[in-house]
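To keep things clear, I will list the structure first and then write my remarks on it.
Values below: all heavy atoms of this structure, side chains included; hydrogens, waters and symmetry mates excluded. Chain letters run A, B, ... following the sequence lines, proteins first, then strands; residues in each count from 1.
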Protein chains: 2
Amino acid sequence: MDAGFETHLRADGVEFDADDAELLRAVDREGSLNRAADELGRSYSRAHQRLTALEDALGPLVTRQRGGSGGGGSELTDEARAVLARFERLRAEFTGTAEVEETVLSGRVVAREGELATVETSAGRVRALAPEADTDAVQVAVRADAVTLHAPEDAPAEAATSARNRFAGTVSAIDAGEQVARVLVDASADATLSALVTASSVEKLDLRAGSEVVASFKATATRASPGEDW
Amino acid sequence: MDAGFETHLRADGVEFDADDAELLRAVDREGSLNRAADELGRSYSRAHQRLTALEDALGPLVTRQRGGSGGGGSELTDEARAVLARFERLRAEFTGTAEVEETVLSGRVVAREGELATVETSAGRVRALAPEADTDAVQVAVRADAVTLHAPEDAPAEAATSARNRFAGTVSAIDAGEQVARVLVDASADATLSALVTASSVEKLDLRAGSEVVASFKATATRASPGEDW
DNA sequence: CAGGGTTATGTCTGAGAGGGAACAACGGTC
DNA sequence: GACCGTTGTTCCCTCTCAGACATAACCCTG
């Protein structure tokens, strides 16, 4: 069971989604809405209809040439390229959150100031963003790419960094990839943090199984969601 | 134009989405699939059909009681609660990425080792995860909740931290919220990083407009996506 | 033993999205 | 001036999905 998503940009009642992005890119490649629809196996009439609907909300997306040599064609406007770039960025971000590993800690909210909560977990107290909830039982998720590792002797002082969560631990395993490694850090007897770091960080920090490290992550990058243990 | 998304858990051909989560929660509240469908304004037959389809893929989600005192009812299984918790966590994560501000830097890939790229931007060289692309022109997105601020005199040494990106700058503005503040850091003449930190971090680091700070963020939390400037 | 609210199952109907086809308008090219 | 491939517009058909409605099976309560 894995995570999936569809993302879109909403503007003026229309949702620009992945199909729309595909259509625009096809128009860019083919130079014609007709050939674009054909290439994608979609009907021209619907593609045209969709395009005009998008333009009603987003402004001109293609410059049309009807008749002329070759019969005409369509080209993307700068606005269309901007929307595409924006969408691509959004998709990259979402792909990241869908794929990145996260360590989940079950815990209970012991203090709360507005949207910020202090949660008692098996790893210790964690500060996290928490939407108002009707229950104290929450699970705290920490993205592996949000965990920064430090050499213990040179870890920043508590008051010198904006990372509000900080745990000393020992490296229990390193899952080395091509350029990115997954480092497991035992923060307590039954709490293992997963951290995603570059291979060069592993080298510079001289990380190996058994190394002492300090793992830190920001409260604003940590999210609590209601949920019982399981 | 803002970001939207729908998320789901995929398993065995079925996609557990927000509507399904709503249905399960309604069953939990009402104790009956009938009343749950009624409360949500959905037809019982479709709700039942959907539930059995979900159970085919995910295993038993409700224990059914047909007949008996009160006519019977349905209750969630522990598996159902686990799926709900998992979905809720996923949604919280996605909501975060959809809502958090990010600073976007346009740049060009100047070096690449596998999935890791070095990008030349207006703020300097940035290390980022970058999917293989056909163009050097990329935009680098840094989430505001991924940027850690340090006191300049106590910022960790380059070799002592796994944060591969690090920029000294001055605070240009602070957008103080209830418990979370948005800090703008001028890293260069035309590159302003946005960092989301807790109010207590603002206090501990004694941040104000004009303060010198060091902003750091991990390469594995930074994503490049293809795209021209705009 | 009837009552009642539930689960379980199937059919009809309507809304919406999409494909396919037809046709007009357009304007360089031959 | 005919030709051609495009854009622009319209109509119809199909497919899918959800609601609605009807009906059977179930089993504890009184």
Review point. In whole Å, what is the span from the OH atom of Y44(A) to the C1' atom of dC11(D)?
Key: 16 Å
Revision key, fill the gap. Rounded to whole Å, CD of Q49(B) lies from P of dT16(D) at a distance of 14 Å
Practice item. Taking only the side-chain nitrogens and oxygens of R42(B), find out if one of them lies under 4.0 Å from OP1 or OP2 of dA18(D). Key: no
Review point. So T148(B) and F217(A), side-chain contact (heavy atoms from CB on, under 4.5 Å) or not? Walk me through it.
Key: CA-CA 9 Å; T148(B) 305; F217(A) 49 95; over 6 Å; no
Practice item. Figure out the CG/P separation between L40(A) and dG18(C), and round it to whole Å. Key: 13 Å
Review point. For N34(B) and dG5(C), is the shortest distance between a side-chain N/O and OP1 or OP2 below 4.0 Å?
Key: no
Check your understanding: Can you tell me if the side-chain N/O atoms of H48(A) get under 4.0 Å from OP1 or OP2 in dT7(D)?
Key -> no
Point to revise | side-chain hydrogen bond (donor to acceptor under 3.5 Å, both in side chains) involving N165(B) - partner list, sequence neighbours excluded | key: none
Review point. With a non-hydrogen cut-off below 4.0 angstrom, is G41(A) in contact with a base, only sugar-phosphate, or nothing?
Key: sugar-phosphate
Review point. Under a 4.0 Å N-O cut-off, is there an ion pair linking R64(A) with E55(A)?
Key: yes
Practice item. In whole angstrom, give the distance that lies between atom CD of E30(A) and atom P of dG5(D). Key: 16 Å
Point to revise | Integer-rounded Å distance: dT6(D) C1' and D38(A) CG | key: 13 Å
Review point. Atom CD of Q65(A) to atom P of dA25(C): distance rounded to whole Å?
Key: 18 Å
Check your understanding: Between F94(A) and F94(B), what is the ring plane arrangement, given parallel below 30°, perpendicular above 60°, and tilted in between?
Key -> parallel
Study note, to complete from the structure: Atom CZ of R46(B) and atom C1' of dT11(C) are separated, to the nearest Å, by 10 Å
Point to revise | Spacing of L51(A) atom CG relative to dG18(C) atom P, expressed in whole Å | key: 14 Å
Practice item. Describe the nucleic acid contact of T52(B) in one word from base, sugar-phosphate, nothing, applying a heavy-atom distance below 4.0 Å. Key: nothing
Check your understanding: Under 4.0 Å between a side-chain N/O of R64(B) and OP1 or OP2 of dA8(C), yes or no?
Key -> yes
Practice item. Taking only the side-chain nitrogens and oxygens of S45(B), find out if one of them lies under 4.0 Å from OP1 or OP2 of dT9(C). Key: no
Check your understanding: Passes side-chain contact (heavy atoms from CB on, under 4.5 Å), Q179(A) versus L129(B)? Steps please.
Key -> CA-CA 10 Å; Q179(A) 290 294 328; L129(B) 288 183; over 6 Å; no
